[in-house]
Structures are given as structure tokens and as C-alpha cells.
Student: 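Handing you a structure now.
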Amino acid sequence: MTDTITIRRPDDWHVHLRDGAMLEAVALFTARQFARAIVMPNLSPPVTSAASAAAYRDRIMAALPAGSGFTPLMTCYLTDDADADDMARGHAEGIFTAAKLYPANATTNSAHGVTDVAHIMPVLERMQEIGMPLLVHGEVTDGDIDIFDREAVFIDRVMTKLIRSLPELKVVFEHITTAQAVQFVDSTGPNIAATITPHHLHINRNAMFAGGIRPHAYCLPVAKRELHRLALRKAATSGSSKYFLGTDSAPHEVHAKESACGCAGIFNAPYALESYAAVFDEEGALDRLEGFASEHGPKFYGLPCNEGRVSLERRPAIIPENIDAAGSPLVPFHGGATLNWQIVGS
Ligand code: NCD
Ligand code: ZN
Ligand code: ZN
């Protein structure tokens, strides 16, 4: 049995670092494990311009100790009246790595999102032209569609058409949660990829109702049936370069989670790599963790792999139930449970 593994330093291709005091509290958890991260732009107000992204990048760097070696990769939040020139300029200047499509009102801070993809076709055409990846929160927002079906319906109604009309556009289907998404990604060309979160590999929808309502297991897209979790585990550990690590770590203050109308989002940054390692171990695929965590993402984004290395060892650890975030506690994913892998030196 393998008891220690060493992989290239990984990157997180989807994370919410927030802003202000929350940013100060959480940034280090990501920077400690990952060399780079694709930082989501769903602040309030959202990051829609190159200037606001550059300012946000500066705030992220200021929240980290000097010499952290961490590189935030910034994204542009697309709205119905997105400015293609500003976005393309930001991309050319190295401020924007990608742009993010939130269907309006699909998730946290998405009120300014896109109401119809038809409205942003000129922007998407420009992205295809300059090779700028489009990151998609893939859920329809139609209240008539069952919440557990919103990703699958998005594939049928939006994704399929999108890739047909823009066949060269690089698209990352973010935080996929269904067997249908896996099937879709597998059936497309190399310009279509997906991120998979640790929580969607560990939990199915029962976790939200285990003995009572469990707000800390609630995120969007919501966890689905067991058959979907198994399809995601198979995809992540398959060795296919279409799948890569994206934690979707999305912290919310405890009172905002434990509420009559609790926020969606799971805070998994503190033990993200350990969480993925446990899955790859359970699937007998530890030899494929490096591809998923450290190689497939850079390859898709056209960036070099990191040169540093990180080692994990099989050593059980109880994950704390709360993590202090500058005086206010946050509840981490796996809080109170045991994970069998630890980063060496942690
Ligand atoms: C994210 C957040 O809180 O910003 N929440 C979540 O449940 N994943 C938004 C998102 O990624 O959809
Ligand atoms: Zn999302
Ligand atoms: Zn997210």
C-alpha cells in the first residue's frame, strides 16, 4: 500500500476568495496548498472590468504574506452589456485569464449575470478569436425546472447550442455534478473541459438531510443522487485530461449558512488536497492524482506546470469543526470527520 505520494504543486482552477475581512481570513488556506488559482469574480459589485480585476488582484496579494509565491488568476464577470474591448484588452495585458458566465440569479451574487447567452454572442465570438476560456456555471434558473435537473437541462438548452455555434471556444464546465455532464464533456472535443469539486466527489444529496437539515452540505449546483457522485469519481480518476481540480471553496459566515434562507457554498479550502487524495486513494487511483491536480488544468489553460512538489502521507487527522477566520468561525468541509491523508509538514 502506498503511504506517501509526491506530486507537482497543484493549482485550484475555481475558488471564491471573497473580499475585505473574509479575504484576509481565507486567502492563506488556498495559497498554502496551491501555486495558482482561478479567482471567481462574483463579488458585490462583481468584477466586470480589467481595472476592477487589477485592483482585486492587488487586494488578494496584500492579504497574503510577502513571498507567498501564490499567483491569483483573475476572471471577468460577464453581464448582458459586457464590454468586449475592455475584456480583450485585460486579457492581452495579462489581467484576465478567463471570463465567467453566470446565468442571471443562478447562484450567490449572480443577479447581474447573463439573462440570455444570445446577448453576449459578440463577446463570446471575441473570446473564441483570442483563445480566452469561458467558464460556465451550468444551471438553468427557470423555477419550473426541478433543482436537481437544472444542470442537465442547461446542457440540453444552452451548452449544446453554445458549442455548436462556437466550435473553437475553450469552455470549462465548472463544478459539474451529474452523469449527464460527464457524458457531455466526454463526447466533446479537447476545447471542452470540466472542474470537479471535492465535495461532489464525497457527498450525495442525502448529506443535506442526514438526521436533520445540514446547511453546511448545501452548495450550488446542489449535490445529486449517488449514481451521479459515482460518475464524477470515475471521471476525475479516469486520467482524462478533460477533468481537473477546482475546489469551488465558497465560504460564508456561519450565520449566513445557518439561517432560514441559508447561502449556498461549501468552504473546503483548508483541507482540499487531502480531501481529493482520499477520493483517489479510495478509487485505487493515487497515481492519477497528479494529472488531475497539477497537469490537466495548466495544459488546458496553456500555462506551464508548477515546478515545486508537495507530498502527502497516509496519516489520519480529525478535521476541526470550526476554523477561526479573524475572530469569526467558519465551518470547513469534513468538519468533525477524519481524513486519512495529510500534507507532509502540515
Ligand atoms: C458559490 C458562492 O458562494 O460564491 N456558491 C456555491 O454554492 N458554489 C457560487 C458558485 O460557485 O456557484
Ligand atoms: Zn457556480
Ligand atoms: Zn464557485
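One-based numbering, in listed order, for ligands and for the atoms of each. Nothing fancy with the numbering, it's 1 onward along the sequence.
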Student: Restricting to N/O/S, name the atom of His137 that gets closest to the Zn ion (ligand 2).
Tutor: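 Nearest N/O/S atom of His137: ND1.
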
Student: Do Tyr102 and ligand 1 have an N or O pair less than 3.5 Å apart?
Tutor: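 No; every N/O pair is 3.5 Å or more apart.
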
Student: Please identify which atoms of ligand 1 are closer than 4.0 Å to at least one heavy atom of Gly265.
Tutor: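 Atoms satisfying the 4.0 Å criterion: 5 (N), 6 (C), 7 (O).
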
Student: Give yes if a backbone or side-chain nitrogen or oxygen of Cys219 is under 3.5 Å from a nitrogen or oxygen of ligand 1, and no if not.
Tutor: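 No: no nitrogen or oxygen of Cys219 is under 3.5 Å from one in ligand 1.
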
Student: Enumerate the atoms of ligand 1 whose separation from the nearest heavy atom of Ala250 is less than 4.0 angstrom.
Tutor: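 Near Ala250, meaning under 4.0 Å from one of its heavy atoms, ligand 1 has 1 (C), 2 (C), 3 (O), 5 (N).
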
Student: What protein heavy atom sits nearest atom 1 (C) of ligand 1, and how far away is it?
Tutor: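 Of every protein heavy atom, His16 NE2, 3.6 Å lies nearest to atom 1 (C) of ligand 1.
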
Student: So which of Thr107, Leu43, Leu135 gets nearest to atom 10 (C) of ligand 1, if we judge by its closest heavy atom?
Tutor: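 Ranked by closest heavy atom to atom 10 (C) of ligand 1, first place is Thr107.
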
Student: Which of these, Glu139, His175, Met40, Arg18, has its nearest heavy atom closest to atom 3 (O) of ligand 1?
Tutor: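 Checking each option, the heavy atom nearest atom 3 (O) of ligand 1 is found in Arg18.
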
Student: How many angstroms lie between SG in Cys76 and CE in Met127, if you round to the nearest 0.5 Å?
Tutor: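 Going from the SG atom of Cys76 to the CE atom of Met127 covers 8.0 Å.
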
Student: What's the spacing between Ser49 OG and Asp83 CG if we round to 0.5 Å?
Tutor: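 If I round to the nearest 0.5 Å, the distance is 9.0 Å.
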
Student: Check this for me - ligand 1, Ala264, N or O atoms closer than 3.5 angstrom, yes or no?
Tutor: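 There is such a contact, yes.
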
Student: I'd like to know if the Zn ion (ligand 2) has an N/O/S atom from His14 within less than 2.8 Å of it, counting both backbone and side-chain atoms.
Tutor: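 For His14, the answer is no, given that no N, O or S atom comes within less than 2.8 Å of the Zn ion (ligand 2).
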
Student: Can you spot which of His16, Arg18, Lys257 makes a side chain to side chain donor-acceptor pair (under 3.5 Å) with His252?
Tutor: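 That would be Arg18.
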
Student: Just one of Phe96, Tyr56, Tyr102 clears the ring pair (Phe, Tyr, Trp, His ring centres under 6.0 Å) bar with Tyr77, so which one?
Tutor: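 Going through Phe96, Tyr56, Tyr102 one by one, the ring pair (Phe, Tyr, Trp, His ring centres under 6.0 Å) with Tyr77 is satisfied by Tyr102 alone.
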
Student: Any chance the side chains of Ser110 and Thr107 put a donor and an acceptor closer than 3.5 Å?
Tutor: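 No.
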
Student: I want to know whether Phe292 and Phe280 have ring centres closer than 6.0 Å.
Tutor: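 When the ring centroids of Phe292 and Phe280 are compared, they turn out to be within the sub-6.0 Å range.
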
Student: Does any N/O atom on Leu220 come nearer than 3.5 Å to any N/O atom on ligand 1?
Tutor: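 Min N/O separation from ligand 1 is below 3.5 Å for Leu220.
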
Student: Heavy-atom contacts with His137 under 4.0 Å: which atoms of ligand 1 show up? List them by number with element.
Tutor: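 Those of ligand 1 that fall under 4.0 Å from His137 are 12 (O).
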
Student: Which atom, among the N/O/S set of Asp248, is closest to the Zn ion (ligand 3)?
Tutor: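 Atom name of the closest N, O or S in Asp248: OD1.
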
Student: Hey, is there an N, O or S on His175 sitting under 2.8 Å from the Zn ion (ligand 3)?
Tutor: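 No, since none of the N, O or S atoms of His175 sits under 2.8 Å from the Zn ion (ligand 3).
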
Student: Give the residue, atom name and distance (to 0.1 Å) of the protein heavy atom nearest atom 8 (N) of ligand 1.
Tutor: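 So the nearest neighbour among protein heavy atoms is Asp248 OD2, 2.7 Å.
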
Student: With a 4.0 Å cut-off on heavy atoms, does Glu174 reach ligand 1?
Tutor: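 No heavy atom of Glu174 comes that close to ligand 1.
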
Student: Quick check, are the ring centers of His175 and His200 under 6.0 angstrom apart?
Tutor: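 Centroid separation for His175 and His200: 6.0 Å or greater.
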
Student: Would the Phe34 and Phe70 ring centres measure less than 6.0 Å apart?
Tutor: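 Centroid separation for Phe34 and Phe70: 6.0 Å or greater.
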
Student: Step through it carefully: locate the ring centre of Tyr276, locate the ring centre of Trp341, and say whether they are under 6.0 Å apart.
Tutor: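 Distance test on ring centres: not under 6.0 Å, no.
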
Student: Just how far is it from atom CG of Asp324 to atom CG of Leu330, taken to the nearest 0.5 Å?
Tutor: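 The CG atom of Leu330 is 8.5 Å from CG of Asp324, to the nearest 0.5 Å.
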
Student: Under 4.0 Å from a heavy atom of His14: give me the atoms of ligand 1 that qualify, with their elements.
Tutor: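 Heavy-atom distances to His14 below 4.0 Å select 11 (O).
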
Student: Can Phe148 be reached from Tyr218 by stepping across I, L, V, M, F, W or Y side chains whose heavy atoms are under 4.5 Å apart?
Tutor: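 Looking at the clustering, Phe148 is in the same group as Tyr218.
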
Student: Tell me which part of Ile266 gets within contact of ligand 1: side chain, backbone, both or neither, using heavy atoms under 4.0 Å.
Tutor: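 No part of Ile266 comes within reach of ligand 1.
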
